[in-house]
Engineer: 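Have a look at this one before I ask anything.
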Amino acid sequence: MTEEELLSQLNSNQREAVTYCDGPQLVIAGAGSGKTRVLTYKIAWLLAHYELKPWNILALTFTNKAAREMKTRIARLVGDESARYLQMGTFHSIFSHILRVEHEAVGYGSDFTIYDESDSRSLIKNILKTMGLDDKTYKPASVHAAISMAKNHLYMPDRYVEDGDLMSRDRSRNMPETYKIYATYQQRLQQANAMDFDDLLVITFRMLRDHEDLRRKYADRFKYVLVDEYQDTNYVQQRIVTLLTQEHQRICVVGDDYQSIYAFRGARIDNILNYNRIYPEAKLFKLEQNYRSTQLIVAAANSLMKHNANQIPKDVFSKNDEGEKLTILENISDKREAAMVCREIKRIKSQEHCHWSDFAILYRTNAQSRLFEEEMRKPEVGMGQHYRIYGGLSFYQRKEVKDVIAYFRLIVNPDDEEAFRRVINYPSRGIGNTTLQKIVDTAQQHSISLWNVISRPNDYGLDVNRGTMAKLDGFCALVGGFIDKRFTTDALTMGKEIIGKTGVNTDLASDHTVEGDSRRQNVDALLAGMSDFVESQQEDGQGDHVSLADYLSTVSLMTDLDNSDDSDDKITLMTIHSAKGLEFPTVFVVGMEENIFPSMMAVGSPKQLEEERRLLYVAITRAERHCYLTWAHTRWQYGKMDSFVNPSRFLNDIDPKLTTLHVEGGRLSGRGFGSDEEPARRPWDDDYESDRPYTGSRPWGGEYRRLNGRMQNSRPIGGQFMADPKPKETAPRRPEQATNPFSTSFEQKLKQSGNWKKVSQTMSNGGRATSSTSPTPNPTMSSTSSAASVSSPSAGISEGQIIEHQRFGRGKVVKVEGVGENAKATVDFDTTGRKQLLLKFARFNMIG
DNA sequence: AACGGTAATTTTTTT
DNA sequence: AATTACCGTT
């Protein structure tokens with residue numbers, strides 16, 4: 001692509017952001033304003049205009065998926081060869097690679113394990129036990145949250161103890177020993193040659209801070225640094241970026257404070273607001289033209305955000321069609337809500353001839369997905385094949401998968417304590433808790449790993465009986481055998497052998513239940529994934545030997561979303577959090593009720609409420625053309641029915657002029673909801689009576705209440721019934737809060753952000769009206785062109801079908817079994833032979 | 001040491 | 001409702 005072509009595809013603000021590369025830069029990119037386009041074009045621009053090699057550019061993203069997609073888009077601009085060497089990925093993946101190289105400097109082995117959330121929690125649980133603390137008061141999850149928060153703000157155990165605020169906070173929460181747990185936790189991680197997710201950042205920071213040579217090395221390598229989703233970065237991430245860029249000052253960060261929804265996890269909006277304090281020369285660019293949504297959707301989202309006090313003022317606008325008003329859909333029950341949404345999807349689909357994948361159902365919590373799933377699976381609804389639920393228990397978190405991976409981990413890093421505990425008695429080999437506790441005690445006495453103890457039990461005086469010792473020896477020899485050949489055998493071969501020789505296979509085979517079947521399939525899928533990995537590494541020329549360690553270092557930072565195939569034609573069901581960055585022609589935001597959205601946990605704190613409101617902003621701005629906000633008068637939750645449901649306060653925050661209210665079974669207020677062509681056909685009018693929880697008059701009174709007026713408080717909201725709401729973790733505090741390291745005063749920062757050198761002013765007529773930045777197929781596009789090229793696997797695949805797999809090439813389906821998530825196919829591939837594909841994960845096209 | 005029953009506990013999530 | 005933790009039994 002020529003330079004002119006490249007620039008002609010940008011509006012003037014985007015162009016300025018792309019071409020300014022001479023100093024630090026902050027791009028505030030409103031929802032749908034072409035942020036990804038700016039980042040990709042900027043990288044192409046850098047490669048063309050500066051003496052930079054691809055590996056001189058470091059681009060940090062929030063998810064692996066975002067990195068991959070961006071890389072693909074850049075490859076289209078600059079070619080595969082260049083794009084391939086760009087340093088692009090999440091903070092965690094980029095720095096884990098660097099830490100493996102520099103492991104000596106930071107005092108870890110190169111094959112350190114990465115503990116996931118559940119490993120961390122399990123380690124904490126164990127520490128609580130040894131310390132004799134009650135895990136009812138010290139909930140492992142909240143202890144870990146406290147530790148994680150501390151780490152993200154670079155409060156190591158020694159500094160933690162000295163901090164009065166933190167210590168008194170712990171005392172007031174009845175967890176005064178937290179600092180001790182933290183110190184032990186950190187020590188145990190080190191002993192296990194393991195890092196948790198936070199360590200990947202903290203230790204990177206320490207490495208750069210304490211080793212000037214290494215800091216220079218990487219600051220010199222990464223001559224230009226870009227950070228995406230900057231509003232979601234935390235303190236340590238900001239510090240790392242600073243260490244890398246403080247000299248050359250070639251840095252561009254892109255973010256949107258309106259879309260900051262991860263503060264609960266330590267993300268700091270302050271990073272954006274204080275940006276010019278770290279980079280005084282920084283220039284501010286604002287992208288305010290939204291290319292994604294209709295004018296009314298953008299206006300509604302803006303009107304919502306007027307109710308947040310803390311924000312960088314901005315004026316997001318759209319020049320697309322005015323579009324239709326948002327629909328507020330008030331339903332009788334949660335079940336009816338699901339039914340209404342499904343019908344509405346069908347109606348729009350037949351009316352607009354669009355794809356299933358043009359719809360998204362977004363909710364606050366994963367548990368809300370169930371009702372929609374149940375509704376769609378009803379035969380009379382017939383949508384069972386047309387939806388995909390994201391989130392929930394990830395593939396890598398399933399017990400059987402974690403068990404197998406634990407063996408891998410132990411072989412690659414025998415000091416890995418959590419892996420050791422997982423497999424020492426799986427499959428059961430008669431080594432129980434008593435023995436395990438003895439091993440743990442012995443290990444703690446000598447400050448060594450569990451593996452060290454059982455490798456040389458006599459040296460450390462492990463006190464167990466003869467029989468037990470024999471069992472331990474057996475286990476040692478088994479794992480030791482694999483350790484010995486871990487460098488010489490490739491990952492896949494190792495994997496297969498491990499599953500065989502450790503008895504995992506036998507154990508799984510002995511289970512004849514339905515669940516057992518699914519477990520075997522999951523382990524098969526894991527092996528298939530390994531096979532994929534080994535092949536792709538070889539294709540990339542990463543050498544012939546793809547070791548188990550190589551596989552692990554990648555897989556421990558992978559999530560389900562990374563495997564998901566989003567090219568097939570399905571309705572998306574996901575939490576709003578996971579929908580960030582996506583867009584859909586039609587979006588349903590469901591469960592718009594007090595105590596759900598905003599979440600019960602957030603209603604006590606203004607700060608958290610603002611975050612919930614931003615979350616709704618994110619949800620609404622996912623929509624291109626239609627946006628529905630739905631709620632129900634009664635809802636089943638925690639096995640009980642709540643019939644005192646109040647509509648979400650946020651519904652009142654949206655300008656009523658921009659919404660249409662629909663009450664199930666009632667009259668329409670405002671303009672008709674269905675199109676003019678079919679005014680009589682309102683999907684919820686017919687079998688309305690059949691599913692009503694109450695017969696006779698409506699429990700909430702004869703008149704449906706108006707939402708758009710100021711009538712929300714016609715009934716008290718949940719909190720008002722509570723005598724004294726439980727104190728929240730981040731409950732609003734007195735003025736001394738400003739000194740709390742974990743919550744800096746917002747107002748203060750806002751003032752400082754006033755003296756920006758604003759080079760880019762929004763111009764009312766400045767932007768070129770490019771049609772859309774959307775990668776989503778245009779809904780009016782002929783439904784054959786894009787739907788036919790991509791399979792929707794579990795639908796319609798049958799024996800004899802010829803398929804083209806992304807990696808394995810052409811093959812013929814010999815057998816199809818299982819349904820839904822667990823459906824799998826046996827396929828004979830022309831080149832690679834017979835393989836089993838779990839349709840949930842497989843990527844292929846159907847031929848013929 | 002393994003299993004099965006009862007009781008308690010429920011945000012959001014990427015890495 | 002559904003998952004998980006704990007305790008008692010075998």
Side-chain angles (χ1 to χ4, degrees), chain A residues 60-67 89-96 114-121 125 134-136 139-142 145 148 151-152 195-202 204 229 232-234 236-237 260-267 334 362-368 370-371 374 390-394 396-397 399 425-436 467-468 471 553-562 574-581 591 595-603 605 608 611-612 614-616 618-619 635-641 728-730:
Chain A
L60 297 162
T61 60
F62 190 64
T63 62
N64 293 314
K65 200 176 157 216
T90 62
F91 278 84
H92 294 83
S93 79
I94 295 276
F95 295 124
S96 72
I114 298 169
Y115 275 12
D116 68 13
E117 193 82 25
S118 71
D119 294 319
S120 294
R121 244 176 292 163
K125 221 180 281 177
D134 175 24
D135 65 0
K136 288 283 186 309
K139 291 199 187 111
S142 47
S148 174
K151 283 195 187 181
N152 283 325
M195 298 191 193
D196 66 11
F197 288 131
D198 303 313
D199 284 336
L200 292 175
L201 305 173
V202 170
T204 299
E229 306 280 16
D232 289 321
T233 54
N234 59 34
V236 61
Q237 287 171 324
S260 156
I261 54 175
Y262 284 99
F264 74 94
R265 224 173 57 195
D334 48 1
L362 307 181
Y363 32 77
R364 185 57 182 55
T365 66
N366 276 312
Q368 290 169 258
R370 223 194 72 235
L371 278 172
E374 279 172 9
Y390 294 84
L393 191 62
S394 117
Y396 298 103
Q397 311 231 303
K399 186 191 174 298
N425 201 30
Y426 175 79
S428 17
R429 45 175 76 85
I431 303 172
N433 278 326
T434 327
T435 309
L436 179 58
T468 308
K471 291 172 189 164
S553 67
T554 306
V555 90
S556 46
L557 293 172
M558 284 233 285
T559 60
D560 257 13
L561 229 59
D562 293 318
M574 54 168 57
T575 61
I576 302 166
H577 279 94
S578 29
K580 196 177 70 166
N595 297 326
I596 293 183
F597 196 8
S599 144
M600 192 162 45
M601 312 301 277
V603 292
S605 133
Q608 289 186 47
E611 176 148 323
E612 297 277 311
R614 291 194 295 268
L615 193 57
L616 180 56
V618 169
R635 182 172 296 273
W636 284 86
Q637 221 184 347
Y638 307 141
K640 280 206 183 86
M641 187 166 74
K728 302 295 174 306
E729 286 189 18
T730 37

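Throughout, a chain's letter reflects where its sequence line sits, starting with A, and its residues are numbered from 1.
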Engineer: Students often get this wrong, so: under 4.0 angstrom with heavy atoms, is A:Thr575 touching a base, only sugar-phosphate, or nothing?
Structural biologist: sugar-phosphate
Engineer: Rounded off to whole Å, could you give me the CD-to-C1' distance for the A:Glu117 and B:dT11 pair?
Structural biologist: 13 Å
Engineer: OH of A:Tyr426 versus P of B:dC3: gap in Å, rounded?
Structural biologist: 12 Å
Engineer: Answer with base, sugar-phosphate or nothing: what part of the nucleic acid does A:Ser96 contact at a heavy-atom distance below 4.0 Å?
Structural biologist: nothing
Engineer: Pick the nucleotide of DNA chain B nearest each of A:Arg364 and A:Thr435; which residue has the one closer to the 5' end?
Structural biologist: A:Thr435
Engineer: Starting from P on B:dT13, measure out to CD1 on A:Ile261 and report it in whole angstrom.
Structural biologist: 9 Å
Engineer: From the set B:dA1, B:dT11, B:dT14, return the single nucleotide nearest to any side-chain atom of A:Tyr262.
Structural biologist: B:dT14
Engineer: Nearest to the side chain of A:Lys139, heavy atoms from C-beta on, is which of B:dT15, B:dT10, B:dT12?
Structural biologist: B:dT10
Engineer: I want to check a possible cation-pi pair here: A:Lys580 against A:Tyr262, using under 6.0 Å from ring centre and within 45° of the ring axis as the test.
Structural biologist: no
Engineer: To the nearest Å, give me how far apart OH (A:Tyr638) and C1' (B:dT9) are.
Structural biologist: 9 Å
Engineer: A:Asn234: which residues meet the side-chain hydrogen bond (donor to acceptor under 3.5 Å, both in side chains) condition with it, sequence neighbours left out?
Structural biologist: A:Asn152
Engineer: Examine distances only and state if a side-chain atom of A:Arg364 and a backbone atom of A:Ile596 form a donor-acceptor pair shorter than 3.5 Å.
Structural biologist: no
Engineer: If we ignore angles and hydrogens, is there a donor and acceptor under 3.5 Å between the side chains of A:Glu117 and A:Ser120?
Structural biologist: no
Engineer: Once you measure the plane-to-plane angle for A:His92 and A:Phe197, does it fall in the parallel (<30°), tilted (30-60°) or perpendicular (>60°) bin?
Structural biologist: perpendicular
Engineer: Has the side chain of A:Arg265 got a donor or acceptor atom sitting under 3.5 Å from an opposite partner on the base of B:dT14?
Structural biologist: yes
Engineer: May I ask you to say what A:Gly639 touches in the nucleic acid, namely base, sugar-phosphate or nothing, with a heavy-atom cut-off under 4.0 Å?
Structural biologist: base
Engineer: Stacking here means centres under 5.5 Å and planes under 30°; does A:Phe91 stack on B:dT15?
Structural biologist: no
Engineer: Judged by atom type as modelled, is there a donor-acceptor pair below 3.5 Å linking the side chain of A:Asp196 to the main-chain atoms of A:Asp116?
Structural biologist: no
Engineer: I need the CE-P distance between A:Met601 and B:dT11, as an integer number of Å.
Structural biologist: 7 Å
Engineer: Check the pair A:Lys125 / A:Asp135 against side-chain contact (heavy atoms from CB on, under 4.5 Å), numbers first and verdict last.
Structural biologist: CA-CA 7 Å; A:Lys125 221 180 281 177; A:Asp135 65 0; 4.3 Å; yes
Engineer: Using a 4.0 Å heavy-atom cut-off, does A:Asp116 contact any base of the nucleic acid, only the sugar-phosphate backbone, or nothing at all?
Structural biologist: nothing
Engineer: How long is the line joining CZ of A:Arg121 and P of B:dT13, in whole Å?
Structural biologist: 13 Å
Engineer: How is A:Phe62 classified with respect to the nucleic acid when contacts are heavy atoms under 4.0 Å: base, sugar-phosphate, or nothing?
Structural biologist: sugar-phosphate
Engineer: Describe the nucleic acid contact of A:Asp232 in one word from base, sugar-phosphate, nothing, applying a heavy-atom distance below 4.0 Å.
Structural biologist: nothing
Engineer: Base, sugar-phosphate, or nothing: which does A:Ile431 touch, judged by heavy atoms less than 4.0 Å apart?
Structural biologist: sugar-phosphate
Engineer: Between A:Asn433 (CG) and B:dC3 (C1'), how many Å, whole number?
Structural biologist: 14 Å
Engineer: Within the 4.0 Å heavy-atom criterion, would you say A:Ser428 contacts the bases, only the backbone, or no part of the nucleic acid?
Structural biologist: sugar-phosphate
Engineer: Base, sugar-phosphate or nothing for A:Asp196? Non-hydrogen atoms, less than 4.0 Å.
Structural biologist: nothing
Engineer: In B/S/- notation, 5' to 3', how is nucleotides 2-10 of chain C contacted by protein heavy atoms closer than 4.0 Å?
Structural biologist: ---SS----
Engineer: Quick one: which of B:dT12, C:dA1, B:dT15 gets closest to the side chain of A:His92?
Structural biologist: B:dT15
Engineer: Round to the nearest Å and state the distance from A:Trp636 atom CH2 to B:dT10 atom P.
Structural biologist: 21 Å
Engineer: So do A:Ile261 and A:His577 actually touch side chain to side chain, heavy atoms under 4.5 Å?
Structural biologist: yes
Engineer: For A:Ser599, does its backbone N or O pair with a side-chain atom of A:Asn595 as donor and acceptor, under 3.5 Å?
Structural biologist: no
Engineer: Consider the side chain of A:Asn425, meaning its heavy atoms from C-beta on, and name the nucleotide among B:dT14, B:dT10, B:dA2 that approaches it most closely.
Structural biologist: B:dA2
